[in-house]
Every structure is written in C-alpha cells, then in structure tokens.
Amino acid sequence: MTGETDTIVHIDNVTKRFGSVVAVDRLDMRIMAGEFVTFLGPSGCGKSTTLRMLGGFETPDEGRIVLDGVDVTRKPPNRRDVNMVFQDYALFPHMTVGQNIAFGLELKGEPRDEIDRRMGELLDFLQLSGFRDRSPDQLSGGQRQRVALARALAPDPKLLLLDEPLGALDAKLRGQVQIELKDIQKRTGKTFFFVTHDQEEALTMSDRVVVMNAGRVEQAGTPEDLYFRPESRFVAEFIGETNLIEGTVRGIDKDTIAIDWNGTDVRGVAHGHQPCEGDTVTASLRLENVMCHPRKPARMNAIEGRIVSKLFKGSRTSLDIRIGGHQNTVIHAYMDAGNAAQVADDRLWISWEPERLTVLRD
Amino acid sequence: MTRHTRIVMSVVYWAFVIYLFVPLALMVTMGFKDSKFIGFPIRAWTFDWYATVMQDTQVLAVFGYSMAIAVSTTVLSLIIGTWMATFLGPNMFRGKAIVFALACLPAVIPGIISAIALRIFARLIDIEPGMLAIILGHTVHNVPFVALVVMARLSTQPKSHIEAARDLGADSIVAFFRVTLPYLKPALIGAGIFCMLLSFDDFVRAFFLGGYQPTLPVLIFAKLRSGMSPEINAISTIVLIMTAILGLWAERSMRRLNKGS
Amino acid sequence: MAHAESDTADLGKASAPGGRMNFWGALLQNGAYQTLSNTLFKTQRRQFVMLASLPLLWIVFANLGPIVEMFWIGFLDSYPPKVGYEPKLTFANWAAFFQDRVFIVPFFRTLAFSLIFTVITLLITYPVAYFLAKHVKRKNQLLFLLLLLIPFWVGEIVRTYAIMILLGNNGAVNLVLKSLGLIDRPIPFMYTGFSLGVGIIYLTALYMLLPLYSALEKIPDNYLEAAADLGAGAWTRFRRITLPLSKEGIASGCTLVFLISTGYYATPVLLGGPRSTVFAETIAGFFHVAGDQWPMGAAFSSIMLIATLAATGIFLKLMGRGGKGMIR
C-alpha cells in the first residue's frame, strides 16, 4: 500500500538556513496521496518553512522536493500544482467571492464555461452558493475560511497546503470547522498538508502527525501513536499532559524494561528505540493512566502516596499525589469524580500498566 | 487644560483660518469690480471680467497647455513613482537609506535651484525649453511625493496577497497588475490629483523651463508685472475653484486609505 | 491602467468551444510571454535587478544628473557652448561670489529671512496644530484640518496676488485702518520685507502645520494626565512633556519651511522691493537678463544648495535626529 507509486510528495533530505539559523535540518519525509498529514510544533520549529518550501515561497539550500515524480525544488509557486490556504486567508479584497475562486482557473487559461461549471460545484460543495457576488469583507470568519479553501481547491492541485487556517477563528467555531475540514478532505480525496501549533487540531483531524522541533522531526505517526507511545521527551511534553519519571535502567526482558526509580522498582516499555542497562532515562506516564487504589493493590508498579490537592473538574477530578520516601515527587492523576469521592483518607496507592510507562529517547 | 487656554487656542485657530481665507476672498471679490483699477472701495459690480476671460483665446490656449502638461506629468509621475515605491518599499538591501534619501531629494531642494539645475540639464540632453522640458521638470519634482504615498499604502498590504496570487498561477507581473495595483488604487487617485495640482500650480520650474508659450501661472505672473487688473482676478478665481474641487476629491480618496481593508 | 474589471473584459482569444479565455490567462499561456517571463524572473536576484533598474536609473539620471551638471557648469568659463570656443576650467565664478556685496548681501538676507520666517511660522502654527490635535474632537479633526488645507491647494502665484490685494496702498488692510480713522494716508506695506514675510508665511504655513499636527496627535492624553497627577502645572506639562514629544514634528516642519522658503522666486519679485532682494532673484538674473551668464548662475546656485543643505543638516543634528523621512 505504501509503494513508490502512492508517494505524492517526497521531501528529500532538505535543509534550509536563514543566516546562521538552521530552520529545517535534513528533513526526509514522504507524503502519501490522499493523506491528511499535519506538521505540529512550537513556533520556529521549521514547520512553516517546510510548508513554504513545498509552496515554492522558499528554496531549499540542500536536498530536493519531488512532487508526483517531478523535481520542483527550484520552481516558483506559479509553476507547481500546489495550492495554499493562508493563515489570514489572503482573499483579494477588491474581488467578489466568485472572482476570488475563479482567479486560479482564469490564470490556468480555462475557458469561461469551464470556470463557471467548476465554481458552481465548489460553491455547492462548500455551502457558499448564495455568496458568489459578495465581497470577502461581508463574510464571517468561517465563511472566509471556506472561500479560501474553495479558491485553493479550484485549480485541482496535487497537494493542498494549509497554514494554520483555524488560527483566526474563535474557539467555539474551531471545533466545528475541524470536523468540516476533515470531512472535505475525505470527500475530495485530496492530499492535505496541514501546519499548526495546536495539538488538539493535529490529533483530531490528521491521518498522520509529524512533530517537529528545532528543524528536525521528533516523531511521526498516527495521533494515537504520538499520544500513547511518545518516543521523545519533547513529544511527551508537547502533546497532552504527562508525568515524567527519571531513573536508571536495571534490566530488560522481552516485554518490559525494569527501571530503578530512586530505589523503587518500576516497569515500562520503549518505542522506536532500545535503552541499555545502566542508562539514565526519562519515562512518561499519562495522567489518565495512573490508577488510584484505597489499599495496596496486588499489581506491579504499586506505590503509596498522599493527596496534596484535589480539584473537582466536573466529569473528573484532578489529583496531585505526593509520593513519599526517596522519590519525593508529585504525580498528577485523574480520577472519575465518583471514585474520587470514595477516597476518604488522603493516603492512597497508585499503580499503572507497564505498557503505559513509556521510556523516552533523550 | 483650563477653560481659559482652550478659549485662547480656539481663537488662535479661527484667526488663522481667517488669515488663510481673507486674502483669497478679497481676490475673488475684486474679480467682480466694475473698474479696471484694483483696490478698495468697490462701488459697482460686474460679471464682464469673466466674459472677457472666456473669450480670450490666449487664456484658453494657455489653460489647455497647462492642463496637457499636468496630465502628462501625472501619468509619468504615477508610473515612475509607483515603480520606485515597489522597489523601495518591500525590499531590504545595503545602502537603502541613501537610495531613499536620494529618491526624495527633488522634493526638498529649494525650487529656484531645482529649476536652474533642470534648465542646465535640459540643455545638456538637448531638450529645447518648452513643454517637454516642463514635463520633465515637474515629473522629477513629483515622483518623490507619489513614491511616498504609494509606499505608505503598500506597507499596509499583507504579504500573503501577493503570495496567494503567485500560488494561484500568476507570475510577478500578473500578480502586480491583478492584485497589487487594485489595492493601490485609492493611493494612486490621491497621489495623481496631488500631482495635477503641483504641476498645474507650479511657477518656478515652468518659468525657467518654458519656451515662448507660457503656462497659466507664468501668464498670470507676466500680466501682474505689467499691472493688476480684475481680469487676472477672474482667471485666478477660476483656477482657485478648480483646484479646490480637485483637492477635495484627492482628500476624499486619500481618506479611504485609512479605512481601506 | 488595468484593473480588476479586465476579468470580465474577455480580451482573450476564443479557445475551446465553451467560451473565451480571460486576458491574463491567455497572456500566461502564451508561449512567447512564458519565455520572456522565465528569462526575466529566473532567480530572485534577477527579479530584484529588474525591479531596481528603472528607479535607480531615474535617481541617477533625473535626481543626481541635474545637480552634478550644475556643479560642473559652475567651473566652466563659458556655457552654453559657442561654436569654435573650447570652454576652460576656472574657479572665477565661485570666487566672484565672495568679492561683491551685490551677491553676498542677498545671499545672507535670504538665509536670514528664511530663518526668521521659519521661526514665525512655527510660533503661529504651533498653537493651531495643538488646538487641532488636542482640543478638537477626533471625529471633527479631519474636517477642521481640511478647512486649513483648502487654501494651500491654490498655487503660489494666485496666493501671492491675493496678498498684494490685501496689503496694497488701496488694499483691504489700509482701507480698514483708514475707515477706523487710525491713519490718514495708506501705510506702504508693499515691496518691503514685511509684505514678503506675510506672503512667504502664507505660502509655507501648511508645511509646518502638518508635521506638527501629526506629531502632537500621537502624544497620548494620559501622559499629560499623569504629569498633572504628579503635580505639574500647565506650563511645566507643556515644557516637559508636549514640547519634547513634538520635537520631531518641529524638526521636520522647520526643515521643510526653511528649504521651501529659500527657493521662492515669483513671490519676492512680486511682493519684495529693492531693499529685500533675495538670492533667487540674483541667480535668476544670470539666466534671464540679456547676456546669459550660466556658469556664474550655476556656481551661485551650487553655493546656495550647499549652504541650505548644510544649514538644515546642522539643524537636524542639533535636534538630534537623522535626516530621513522629512516629508509629511
């Protein structure tokens, strides 16, 4: 399924520098046809530079960009079948919605009838039928975003770039638009290259998420992979909330890794790498994977602690649990609100499944 | 601020308005005086001076000549000034401050010196004194104003507009004509009318660069040197009304700059 | 000029049976145009060079050319060229300036007049600009400003003529004074430094007013409120807050008014007299009076250009800012 024929874009060992800053460092990535791939990372991580190199607005210093088998590394934006939805939408203020959408088709030299036919389709498809002769400044944020999408889809690009297109929308609308966008991508079957710093957006919509940091790929995988099986400390901390545990690898058997956590023996797993005995490692434990017990449970990874704060958050309760003894750290955990009420005493036991404690690469 | 200073301030403002308008009002009034002698008091009124002006073929010819110069100057200034602005506005390069200062130079050089320098230069490049020389002189003077107005507008255009046009298949030239130019429209209208006024009103360059055919300000100057006459008031009043209308129109277009999306 | 309307203009050739191509589409699909576009904009660098070409040529040709040529002619002993005579290099034109009171007096008079007019213009327009920026409601400011702008669209000659009518022996001022019984015979305002000053200030006030207004308008009101809160009186507030913060406007305004007022020619001719001859008239004499003496005129113009630019340069240095962005 992932044969060479399905690759629509090959980012081939690309490096881009701005002065002495390496914005993108030897990035090598294949994007499959029809895929919704999201580049996620903090600002300055190189995700936008990657997008701009795909669009033709920046030229790589090293490496190639191959679009559908053709090297487009040095082609200007107007000579590649890639279109973009801009962060501020960049709708032309002196043109109507219809003129905006027709723009790319006109420049491709499409005849008027074909332009009208295609525009009709797109307006219908994106529920913009009544807005053809409106000016962009008469539209709401969500409508503008759809017009920008229609304009970018009109010339039938091989790859659609989306540069944080939800950033300008208010939080309430954003959730709805996320679903719409994913739906549009599925129905058109287009390849979407989406860039964002918002982890929730990335997890909700993407087939595959690429987490970038300081110009390099930290980890690429499905949203579930990234959330539950982070490979690096950066990914574990950037996506969701987590507890970090530091210790020394004591032994490795076929399923789990034994770690000495300041004298307590705990068990975890590692993904995408294999630590060696004696290594000092950091491991990640998601809040919702911490189980709480009133008495000492008969399981692995059982540790006694004391609740130092308990915050009621509606459907669940957030706990800060101080682990006594040598660890002297606070573990954060969630409990169902009902169960939390049963923890009468402020002393309790925590535990976790070994596959939930992920040893991270440093 | 106390009430006292507020009153003083407003008195100063209105006194200043009076200072600006009274001379012009007097000049207009004098154009209706039924006597060849300029001066107060006015005992009889007439429209004859306007009739005289309207029938004066020389004045009409000069008017047309000035207009032709103003229009040509405006077109040239807009093209060169806009090009200058698209070069100086978004681009960063070494020595930009110097290039910018040199680009603005003609706007701040004292008028007489600019006129003399251009007179000598016209001789060097073999342009006879006359229409062409005046158009050159006015264009040199006006380009910095156009460039500054267009640069101000250009700086408010999101960079993504041009990128979007490029992304959708336009090369640099098409992107400029289809996206940037329409965005600049209010600035260009404003700057264009300003150029018309500067050119139409200019005396010193037209005087030194002109040939036998005078422009309107040069004609009025010549008439004034041979003696004041209500006919001059009539001509001046017509010019005044025209410039005021043009100016108000320019002002309205420029106002849209601030409101523009 | 081409605008968005052209996308309905259908300038393109009929293509497929289903309608015509848009003009810009047809242009971009045209092979010859594609080749041209590809060669012109092949690299960022080439595109930059294309963009820079005309402006740089224009600056060198139109902005610098005349000035350089003027300096050069100032060193020749004869110009325009005469048949059979090879002009020689000389310093005589420059030296002549320093040897005759007829030249030196108008020169320094021009600088002194311009300086005085600039200061008076500043004193007159500062309260006006302050009133506009701080006392007029924001939504009315443009209207009040427009009222002041209208007279300035009228040309130099027409406005000079208006001042002649105002100040003449049978002018409005003398008429009013006479009817009030203050004078028996008209005061000869005209053809003096006074009439010239009234005229020049009338012409240049706007160039002071606009920079002052935009500088004052930028000062937030709460600065003054904060100062008042700390116990500053009206005068202290003005001296310590408003004046320093409007310094940039003062510098730009004074520079503009000074430079512009040294350059007037028609106004001194019409409003001035024999005792207020300015250097512009001296220079013009070399070009218009019979027996053209262009080299001397060129040298004198160069001297004046150097002097005015040097004066403004020193002034701006004293005001503590570079010389950029002086207009508007």
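Residue numbers begin at 1 in each chain, while the letters A, B, ... track the order of the sequences.
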Practice task
Could you look at C:Leu146 and say if it's the side chain, the backbone, both or neither that has a heavy atom under 4.5 Å from chain B?
Solution key: side chain

Practice task
For the residue pair C:Phe61 and B:Phe121, categorise the inter-ring angle as parallel (less than 30°), tilted (30 to 60°) or perpendicular (more than 60°).
Solution key: perpendicular

Practice task
Taking all heavy atoms of B:Met9 and all of C:Pro127, pick out the closest pair and write down the distance.
Solution key: SD-O, 3.6 Å

Completion exercise
The interface call for C:Leu305 against chain B, heavy-atom contacts under 4.5 Å, is both

Fill in the blank from the handout: Shortest non-hydrogen pair, B:Trp83 vs C:Met50, comes out as CZ2-O, 3.8 Å

Problem - Top of C:Leu56, C:Ile283, C:Leu27 for chain B proximity - count of heavy-atom pairs under 4.5 angstrom - result: C:Leu56

Practice task
Determine whether more than 12 heavy atoms belonging to other residues, nucleotides or ligands lie under 6.0 Å from atom OH of C:Tyr207.
Solution key: no

Exercise for the section: Please flag which part of C:Val60 lies under 4.5 Å from any non-hydrogen atom of chain B: side chain, backbone, both or neither. Expected result: neither

Practice task
Heavy atoms only: give me the nearest C:Leu147-B:Phe21 pair and the separation to one decimal.
Solution key: O-CE1, 3.2 Å

Practice task
With B:Tyr13 as reference, evaluate C:Tyr126, C:Tyr130, C:Phe131 under the ring-ring contact (aromatic ring centres under 6.0 Å, His included) test and give the passing residue.
Solution key: C:Phe131

Practice task
Give, as side chain, backbone, both or neither, the part of C:Phe41 having an atom under 4.5 angstrom from any heavy atom of chain B.
Solution key: side chain

Problem - side-chain contact (heavy atoms from CB on, under 4.5 Å) partners for B:Thr180, two or more places apart - result: B:Leu154, B:Gln157, B:Ile162, B:Phe176, B:Leu184

Fill in the blank from the handout: Heavy-atom closest pair (B:Leu24 atom, C:Tyr202 atom, distance to 0.1 Å) is CG-OH, 3.3 Å

Fill in the blank from the handout: Looking only at C:Val154, C:Leu51, C:Val128, the option with the highest number of non-hydrogen pairs under 4.5 Å against chain B is C:Leu51

Handout entry: Contacts of residues 294-303 of chain C with chain B (heavy atom under 4.5 Å)
Key = C:Trp294, C:Ala298, C:Ser301

Donor-acceptor pairs are to be reported for all side-chain atoms of residues 227-235 of chain B against protein atoms at under 3.5 Å, with residues two or more places apart or in another chain.
from, atom 1, to, atom 2, distance (Å)
B:Ser229, OG, B:Glu231, N, 3.0
B:Asn233, OD1, C:Tyr161, OH, 2.4
B:Asn233, ND2, B:Met27, O, 2.8

Problem - Proximity breakdown for C:Leu203 and chain B, heavy-atom pairs closer than 4.5 Å - result: neither

Practice task
Look only at the side chain of C:Asn63 and the backbone of B:Leu102, and say whether a donor-acceptor pair between them is shorter than 3.5 Å.
Solution key: yes

Exercise for the section: Measure distances from C:Ala228 to the heavy atoms of chain B and classify the residue's part below 4.5 Å as side chain, backbone, both or neither. Expected result: neither

Practice task
Tell me, for C:Leu270 versus chain B, whether the close heavy atoms (under 4.5 Å) come from the side chain, the backbone, both or neither.
Solution key: side chain

Practice task
Examine whether an atom of C:Ser179 lies under 4.5 Å from a heavy atom of chain B, and if so say whether it belongs to the side chain, the backbone or both; otherwise answer neither.
Solution key: neither

Completion exercise
Between C:Tyr33 and B:Ile173, the two heavy atoms sitting closest are OH-CB, 3.6 Å

Handout entry: Any residue meeting ring-ring contact (aromatic ring centres under 6.0 Å, His included) with C:Phe152, in chain and number order, not counting sequence neighbours
Key = none

Practice task
Count the heavy-atom pairs under 4.5 Å between each of C:Val198, C:Asn38, C:Ile163 and chain B, then report the option with the highest count.
Solution key: C:Val198

Problem - Atom group of C:Leu148 that falls short of 4.5 Å from chain B, counting heavy atoms - result: both

Problem - Qualifying residue, where the test is side-chain contact (heavy atoms from CB on, under 4.5 Å) with B:Ile109 and the options are C:Leu259, C:Ile67, C:Thr308 - result: C:Ile67

Problem - Parallel, tilted or perpendicular: ring planes of B:Phe87 versus C:Phe48, cut at 30 and 60 degrees - result: tilted

Exercise for the section: Under 4.5 Å, counting heavy-atom pairs only, tell me which of B:Ile113, B:Val204, B:Leu197 racks up the most with chain C. Expected result: B:Ile113

